[in-house]
Amino acid sequence: MRVSALEDNPRYDPSEVEPRIARAWIESGLTHPEPAGDSSENYSIAIPPPNVTGVLHMGHALNNAIQDTLVRRARQQGKRTRWILGTDHAGIATQTQVEKELKGLGTSREELGREQFVARVWSWRELYGSRIIEQIKRLGSSADFQNERFTLDRPYAEAVATVFVDLYKKGYVYRDRYLVNWDPGSGSAISDLEVEDREVTDTLYYINYPLASGSGSVTVATVRPETMLADVAIAVNPQDERYKRLIGETAVLPIVGRKLKIIADDYVKTDFGTGALKITPGHDPNDFEIGNRHGLAHPTVIGEDGCMEGDEVPERFFGLTTAQAQTAIVAELDALGLIERREEYTHTVPHSQRSGSRIEPLISLQWFMRMDELARPAIEVVKRGEIRFHPEGQGKVYLNWMENIRPWCISRQLWWGHQLPVWYRRDETYVGTTAPDGDGWERDPDVLDTWFSSALWPFATLGWPEQTADLKAFYPTDALVTSRDIIFLWVARMVMMGIEFTGQIPFSDVYVHSIIQAPDGRRMSKSLGTGIDPLDLIGGGPRPPVFAKAPDQDPGEFPAYGADAVRWGLLAMSSGQDVRFNEEKVLQAQQLTNKLWNASRLILLRVDPETRASAQPVRVEDRWILSRLQYAATLISDAIGQFEFSRAALSLYEFIFSELCDWYLELVKPRLYEDDKQTQALLLHVLTETVTLGHPLIPFVTEEIYGHIPGASGLLAERVAPRQIAQLDEAAIIQIDDLIAAVQSVRAWRDAAEVKPSAVLDARVVSDVYAGTADQLYRLGRLNPKELNGTGAGASIPVPGGSIEIFATRGLDLGAAARKKAAKRAELEAEIKRAEGKLSNSGFVDQAPPAVVEAERAKLAALRAELEAL
RNA sequence: GGGCGGUUAGCUCAGUUGGUAGAGCGCCUGCUUUACACGCAGGAUGUCGGGGGUUCGAGCCCCUCACCGCCCACCA
């Protein structure tokens, strides 16, 4: 039955194999180790929790491929390995989605009320929350699916509350009126990190503010005249000759009539605008700072709904939107003749990353977290190298941000999330993990920034604050795998919280992987038509428009590449650098899996099912392939350990194609066909170690092949790799390398001489380095060994350590062969000349390391010998 | 304005202690050699962004210029 699957499929078909094997991995329980021992002997990774409502994208696919490669390697090293899995409640993103749905149903969260709304989000989560988890399974990720976490689960929520209360008691968390980034789109304050700049063209108005003395006016430039109602001063640079005499004087705010002091502040640029700046502390972050420096009040005229309100707002503007107010105020200023001029002005303006709305800086009562003291130890651990970033440059980025850290606004005016463990009663404030005793307490309606809870992920998922066995066994975790965009939002905060609450760093290595761009270099995005769904790549689906060669051309469909191919392809593409997605790498991976599948067919369909693997080599090529296997195993394992996944992936490809298939299997075929039992046993051994070697990088196909190997037990995913496959056998390596070079020389010569590929030529090997491999040399060169007396040779092919003389001359194009030979001679002569030049350079001989000089001498000798043989 | 990174074959990218430039795809020439045509064999292809320096020797180290990304902070 199983053998027939091999027989029937000369092409490897991942679509049948992969779902079956993914299930087997999970059902085996191998991804769900019971806690034991401590974290120094175990291996763990906490997944960056995807948004609960999210769908898999290319970033997840790469992120998962990397983590799975790391955990599979750790398992092969015999470590107890836990890949912590879960999802994030993603406050704003999730609430927005559900609200959108409600809107479609003609209702709203306000209509439902908080309790019902939250219940509705929970059921939404039940419906869609498992989708991304299923997609992660499809990738073959060997995460702990039996132990899924969610950032709003009760134990997790208790950890969050515990942390908040503790930080409050330590004085890090506090409530304050402060200018925040107000997002009118979500109706909430957001943190600095959730703000992005977008380019906008506004009108810059130059407005004259009359001086109280009646002698002239000061002109200020602004793009937001509606905020002038909240102006409290005019600032100029103290060095500015134009305005020096006005400092200390008073101007009159048009329309309102309020007196504005003219103050001096270094912040004001003399070469921008008019050099005079209206100060509106209630609606501008810089003005807020300046206002604080000068002890100014900060009245506000815009409310949280984006409409005009407040004591300073004249009746006729009250309730207008900011846009309406701007129009009205500009009209009045025009009527007063106070607008000197206006010009188009393109500048960047902060917008909410989530809702896309233009940020309205507002003074508002929010909860904040002071970060500077928490940052200090988090800076130290990176400087001391306890936490290492890969690539290193990202560590500098982290430090740069940490050293300039600012307070973090942690309250959000949402319903979906961790509600603040804070209660108020008149002037009293109570902060605690449970509600206070007594009547009249009202809980703060706000929830915490999602990243506040994510910051606890590596330890809250393991049961903290309880001292659980999980925590002991798997915390600190080992590696944290992520992309650049959340180094500040998430990574930095995990380090700070981890150190503060567990006394330990949460992970020792941070691997920052590539961002995969669209093939044209733009970012991947559904709305741009540049996004590629990894599942379309795996199972075969439509190519996005970005793949079309011409605008109206149909880009067609992806073949069903399978998860192995997508994973290997992404790993091979990726580095520390952002890269453009290229389908060729996925194709290359598909060819790799197919190649390995067919190599396995060659072996498995020929061996006696009673045969069992044996590491006993028979011939020199056996010792060679064992050495090559050992070499490749070390290379790949080291590369993975150093987070060089591209190198690991390409090394595997190189081994399977160039060494195993192109040479070893071709060398061993005669013995395989002759039903040689010892050879069969060795081939099973080589195949077993090869699939073990490849398993972290292409887990599905290797697992499938392993299942067909006679005598193989259990799952490959559970197999501990041998510490050493073989001793490196230098003699065997040299012999086979010489053989390969000789065969290649013969083939190249045949090609040049236009010898029919099927023709077998009489020939004689003149060299003593092929004692153990001559039969192979004749066979692979399509030569017939013949000892002839005298000088009957029609051609002499130079090979390492000697030459091969070809006797048959009939039908040979000796002219072509001679040209080939001449070219080779010229090439050799050029290289000899270069080597000689180098060696006659006294600087080189005297100053280069002796080993390098010696190597150069040896090379020269070899080149001369080769030329001689020619 | 500050920071990080990039510029290598037609395309996408490797190149880890400085020692004669690599891969995949594409291209050219052959081959139905019973594991694989998602294959096999052979082949062509690079003033390693420009300039300067260090060195016996530089794609790799230093300086400088140019261009391209991204991040942070921003001028009303």
Side-chain angles (χ1 to χ4, degrees), chain A residues 6 10-12 192-193 197 204-205 220-224 235 267-269 271-280 284-287 345 347-348 350 391 393-397 399-401 404 484-485 487-488 515 517 519 521 523 559 561 565 569 572-585 587-606 642 644 646-647 650 653-654 661-662 665-666 669 672-673 743-744 747-752 754 756-758 782 830-831 834-835 838 841-849 851-853 855-856 859:
Chain A
L6 283 169
R11 277 188 185 187
Y12 173 63
D192 294 341
L193 292 173
D197 285 331
L204 186 60
Y205 297 92
V220 300
T222 180
V223 293
R224 301 207 58 196
Y267 170 82
V268 184
K269 305 276 178 296
D271 57 356
F272 191 86
T274 62
L277 180 61
K278 74 186 198 64
I279 301 300
T280 321
D284 182 279
N286 294 310
D287 293 5
Y345 181 57
H347 60 152
T348 56
Q394 296 302 329
K396 290 183 198 162
V397 176
L399 288 174
N400 199 310
W401 184 76
N404 298 297
R484 253 192 346 249
D485 45 349
I487 289 180
F488 308 142
I515 290 171
Q517 299 167 332
R523 72 188 178 86
Y561 285 115
M573 268 178 243
S574 85
S575 63
Q577 191 61 26
D578 290 353
V579 287
R580 298 181 181 200
F581 178 84
N582 66 319
E583 196 177 340
E584 285 76 24
K585 275 282 180 289
L587 182 72
Q588 189 182 351
Q590 187 193 32
Q591 287 162 352
L592 174 65
T593 56
N594 191 58
K595 190 73 174 176
L596 185 57
W597 174 250
N598 275 290
S600 307
R601 291 179 67 229
L602 171 67
I603 296 166
L604 296 173
L605 293 175
R606 297 262 174 191
Q642 290 160 35
E644 293 176 23
S646 167
R647 192 158 68 90
L650 293 168
Y653 182 95
E654 171 79 12
C661 293
D662 287 353
L665 293 181
E666 293 305 324
K669 263 179 185 174
L672 186 61
Y673 292 159
V743 171
Q744 285 173 331
R747 284 173 177 166
W749 177 86
R750 289 177 64 115
D751 202 59
E754 293 178 3
K756 275 207 177 96
S758 55
R782 292 210 166 225
E831 287 195 25
R834 193 178 330 182
K838 227 172 171 178
N841 179 337
S842 63
F844 176 72
V845 178
D846 296 344
Q847 298 190 45
V852 172
V853 178
E856 195 65 29
K859 191 197 294 172

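By convention in this document, chain letters (A, B, ...) are assigned in the order of the sequence lines, proteins followed by strands, and residues within each chain are numbered from 1.
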Asker: Mind calculating the distance between CG (A/N582) and C1' (B/A23) to the nearest angstrom?
Answerer: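 Distance check: A/N582 CG to B/A23 C1' gives 12 Å.
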Asker: I want to verify a distance call: between B/U55, B/U16, B/G69, whose nearest atom is closest to the A/Q847 side chain?
Answerer: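 Among the listed nucleotides, the one closest to the side chain of A/Q847 is B/U55.
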Asker: Looking across every strand, which nucleic acid part, if any, lies under 4.0 Å from A/K278 by heavy atom: base, sugar-phosphate, or nothing?
Answerer: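 Result for A/K278 = nothing.
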Asker: Phosphate oxygens OP1/OP2 of B/A35: is one of them under 4.0 Å from a side-chain N or O of A/R606?
Answerer: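 Yes.
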Asker: Would you say the base of B/U33 and the side-chain of A/R782 have a donor-acceptor pair closer than 3.5 Å?
Answerer: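 Donor-acceptor pair under 3.5 Å: no.
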Asker: Considering only atom C1', compute the distance from B/A41 to B/C36 and round it to an integer number of Å.
Answerer: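 Approximately 15 Å lies between the C1' atom of B/A41 and that of B/C36.
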Asker: Which part of the nucleic acid does A/L650 contact within heavy-atom distance under 4.0 Å: base, sugar-phosphate only, or nothing?
Answerer: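 Answer is nothing: A/L650 stays at 4.0 Å or more from every strand.
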Asker: Classify the side chain of A/E666 and the base of B/A35 as holding, or not holding, a donor-acceptor pair under 3.5 Å.
Answerer: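 Flag set: donor-acceptor pair detected.
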Asker: Hey, does A/F488 reach any base, or is it just sugar-phosphate, or nothing, if we go heavy atoms under 4.0 Å?
Answerer: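 Sugar-phosphate, backbone atoms only, no base.
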Asker: Under 4.0 Å, counting only non-hydrogen atoms across every strand here, what does A/D578 touch: a base, just sugar-phosphate, or nothing?
Answerer: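 If one applies the 4.0 Å heavy-atom cut-off, A/D578 turns out to touch nothing in the nucleic acid.
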Asker: What is the distance, to the nearest angstrom, from the CG atom on A/L604 to the C1' atom on B/A35?
Answerer: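 Value for this atom pair: 10 Å.
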Asker: Might you point out which heavy atoms bring A/R782 and A/R750 nearest each other, and give the distance in Å?
Answerer: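 The pair with the smallest heavy-atom distance is O-NH1, 2.9 Å.
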Asker: If you take all heavy atoms of A/L6 and A/W597, which pair is closest and at what distance?
Answerer: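 Where A/L6 meets A/W597 most closely, the heavy atoms are CD2-CH2, 3.7 Å.
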Asker: For the side chain of A/Q517, counting heavy atoms from C-beta on, which of B/A41, B/G69, B/A35 is nearest?
Answerer: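 Comparing B/A41, B/G69, B/A35 against the side chain of A/Q517, the answer is B/G69.
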Asker: Using the C1' atom on both, measure B/G22 against B/U8 and round to a whole Å.
Answerer: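 10 Å, rounded to whole Å.
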Asker: Reckon A/Y673 has a side-chain N or O less than 4.0 Å from the OP1 or OP2 of B/A35?
Answerer: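 Answer is yes, contact under 4.0 Å.
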Asker: Return the pairing partner of B/U29 with a 3.5 Å limit on both distances, Watson-Crick or G-U wobble; otherwise return none.
Answerer: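 Partner of B/U29: B/A41.
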Asker: Is it the case that the side chain of A/N582 and the backbone of A/P519 share a donor-acceptor pair, with hydrogens and angles ignored and the cut-off at 3.5 Å?
Answerer: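 Side chain of A/N582 to backbone of A/P519, a donor-acceptor pair under 3.5 Å: no, none is there.
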Asker: Would you mind telling me which of B/C31, B/U16, B/A76 lies closest to the side-chain atoms of A/T222?
Answerer: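 Closest nucleotide among those given: B/A76.
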Asker: Which listed nucleotide (B/A35, B/C25, B/C74) is nearest to the side chain of A/T348?
Answerer: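 For A/T348, the side-chain atoms sit closest to B/C74.
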Asker: With rounding to the nearest 0.5 angstrom, report the CZ to CD1 distance, A/R484 to A/I515.
Answerer: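 Taking CZ in A/R484 and CD1 in A/I515, the distance rounds to 4.0 Å.
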Asker: By nearest atom, which of the nucleotides B/C71, B/C56, B/A76 is closest to the A/F844 side chain?
Answerer: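 The answer is B/C56.
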Asker: Taking the same atom, P, in B/A9 and in B/C48, what whole-Å distance lies between them?
Answerer: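 So the two P atoms sit 10 Å from each other.
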Asker: Within the 4.0 Å heavy-atom criterion, would you say A/R580 contacts the bases, only the backbone, or no part of the nucleic acid?
Answerer: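 Answer is sugar-phosphate: A/R580 comes under 4.0 Å of backbone atoms only.
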Asker: Can you measure A/Y561 atom OH to B/C25 atom P for me and round it to whole angstrom units?
Answerer: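 One finds 12 Å between P of B/C25 and OH of A/Y561, rounded.
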Asker: Please tell me which of the listed nucleotides, B/A76, B/A35, B/C40, lies nearest to the side chain of A/F272?
Answerer: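 That would be B/A76.
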Asker: When the distance from CZ of A/R647 to P of B/U16 is rounded to whole Å, what number comes out?
Answerer: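 For the pair A/R647 CZ and B/U16 P, the rounded distance is 10 Å.
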Asker: Take the protein atom CD of A/E584 and the nucleotide atom C1' of B/A23, then report the distance between them rounded to whole Å.
Answerer: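 Atom CD in A/E584 sits about 13 Å away from atom C1' in B/A23.
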Asker: For the C1' atoms, the ones on B/G57 and on B/U20, what distance do you get once it is rounded to whole angstrom?
Answerer: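 Here B/G57 and B/U20 have their C1' atoms 11 Å from each other.
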Asker: Over all heavy atoms of both residues, which pair between A/Q588 and A/L650 is shortest? Give the atoms and the distance, please.
Answerer: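 What the structure gives for the nearest pair is NE2-CD2, 4.0 Å.
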Asker: Categorize A/R484 for me: base, sugar-phosphate, or nothing, with a 4.0 angstrom heavy-atom threshold over every strand shown.
Answerer: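 Sugar-phosphate only.
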Asker: Contact class for A/Y345 (heavy atom, under 4.0 Å): base, sugar-phosphate, or nothing?
Answerer: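 The residue A/Y345 makes sugar-phosphate contact but no base contact.
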Asker: For A/I603 and A/L665, work out which heavy atoms get closest and say how close.
Answerer: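 That would be CD1-CD2, 4.1 Å.
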Asker: Between A/D751 and A/R747, is there a donor-acceptor pair closer than 3.5 Å when you use the side chain of the first and the backbone of the second?
Answerer: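 Such a contact is absent between A/D751 side chain and A/R747 backbone.
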Asker: I'd like to know if A/K269 reaches the base of B/A76 with its side chain such that a donor and an acceptor end up less than 3.5 angstrom apart.
Answerer: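 No pair found.
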Asker: Who does B/C36 pair with, Watson-Crick or G-U, both distances under 3.5 Å?
Answerer: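 Across all strands, not a single nucleotide pairs with B/C36.
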Asker: Have a look at A/Q744 and say if it touches a base, only the backbone sugar-phosphate, or nothing, with a 4.0 Å heavy-atom cut-off.
Answerer: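 Since only primed, P, OP1 and OP2 atoms lie under 4.0 Å of A/Q744, the category is sugar-phosphate.
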Asker: Under a 3.5 Å limit for both distances, which nucleotide forms a Watson-Crick or G-U wobble pair with B/A66, could you say?
Answerer: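 Checking every strand shown, B/A66 finds its partner in B/U7, with both distances under 3.5 Å.
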Asker: Look at the side chain of A/D662 and decide which nucleotide, out of B/C40, B/C74, B/C38, has an atom nearest to it.
Answerer: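 For the A/D662 side chain, the nearest candidate turns out to be B/C40.
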Asker: When you compare B/U33 with B/G39, how far apart are their C1' atoms, in angstrom units rounded to a whole number?
Answerer: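 Their C1' atoms lie roughly 11 Å apart.
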Asker: With the side chain of A/A221 defined as its heavy atoms from C-beta on, choose the nearest nucleotide among B/A76, B/G69, B/A35.
Answerer: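 Nearest nucleotide to the side chain: B/A76.
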Asker: Return the nearest nucleotide to the side chain of A/K595; candidates are B/C72, B/C25, B/C40.
Answerer: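 That would be B/C40.
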Asker: Closest approach of A/K595 and A/C661, non-hydrogen atoms and distance?
Answerer: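 Nearest heavy atoms, A/K595 then A/C661: CE-CB, 3.6 Å.
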Asker: Expressed in angstrom and rounded to an integer, what is the separation of A/N404 atom CG from B/G1 atom C1'?
Answerer: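 That distance rounds to 14 Å.
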Asker: For B/U47, what is the paired nucleotide under Watson-Crick or G-U wobble rules, both distances under 3.5 Å?
Answerer: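 The answer is none; no pair meets the criterion.
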Asker: Distance between the P atoms of B/C38 and B/G51, in whole angstroms?
Answerer: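 Result for the P pair: 45 Å, nearest Å.
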Asker: For the pair A/F488 and A/W401, name the ring-plane relationship: parallel under 30°, tilted 30 to 60°, perpendicular over 60°.
Answerer: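 Because their plane-to-plane angle is under 30°, the rings of A/F488 and A/W401 count as parallel.
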Asker: Determine whether the side chains of A/E583 and A/Y561 contain a donor N or O and an acceptor N or O closer than 3.5 Å.
Answerer: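 Yes, side-chain donor-acceptor contact under 3.5 Å.
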Asker: Please report the interatomic distance CG(A/L587) to CG(A/L592), rounded to the nearest 0.5 Å.
Answerer: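 With rounding to 0.5 Å, CG (A/L587) is 11.5 Å from CG (A/L592).
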Asker: Which whole-number value in Å describes the distance from A/Y267 OH to B/C74 C1'?
Answerer: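 Roughly 7 Å, once rounded to whole Å.
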Asker: For the side chain of A/V268, counting heavy atoms from C-beta on, which of B/A76, B/G30, B/G43 is nearest?
Answerer: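 Output: B/A76.
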Asker: Answer with base, sugar-phosphate or nothing: what part of the nucleic acid does A/V220 contact at a heavy-atom distance below 4.0 Å?
Answerer: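 Nothing, no heavy atom under 4.0 Å.
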Asker: Starting from P on B/A76, measure out to CD1 on A/I279 and report it in whole angstrom.
Answerer: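 In whole Å, B/A76 P lies 13 Å from A/I279 CD1.
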Asker: With rounding to the closest Å, how many angstrom separate the P atoms on B/G46 and B/G2?
Answerer: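 Straight-line distance between the two P atoms is 40 Å.
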Asker: Hey, which sits more toward the 5' end of RNA chain B by its nearest nucleotide, A/A599 or A/N400?
Answerer: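 That would be A/N400.
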Asker: Working to the nearest 0.5 angstrom, can you tell me the gap between A/L602 CG and A/Y673 OH?
Answerer: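 Taking CG in A/L602 and OH in A/Y673, the distance rounds to 6.0 Å.
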Asker: Heavy-atom nearest nucleotide on RNA chain B for A/L587 versus A/G275: which residue maps closer to 5'?
Answerer: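 Mapping each residue to its closest nucleotide by heavy atoms, the 5'-most match is A/L587.
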Asker: So which nucleotide does B/A23 pair with, by the Watson-Crick or G-U wobble rule with both distances under 3.5 Å?
Answerer: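 For B/A23, the partner nucleotide comes out as B/U12, under the 3.5 Å rule.
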Asker: Quick test: give all pairs of protein nitrogen or oxygen and nucleotides 4-8 of chain B nitrogen or oxygen below 3.5 Å, distance rounded to 0.1 Å.
Answerer:
residue: B/G5; atom: O2'; partner: A/Q577; partner atom: OE1; Å: 2.3
residue: B/G5; atom: O2'; partner: A/Q577; partner atom: NE2; Å: 3.1

Asker: Given the C1' atoms of B/A58 and B/G15, what is the spacing between them in whole Å?
Answerer: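 Here B/A58 and B/G15 have their C1' atoms 14 Å from each other.
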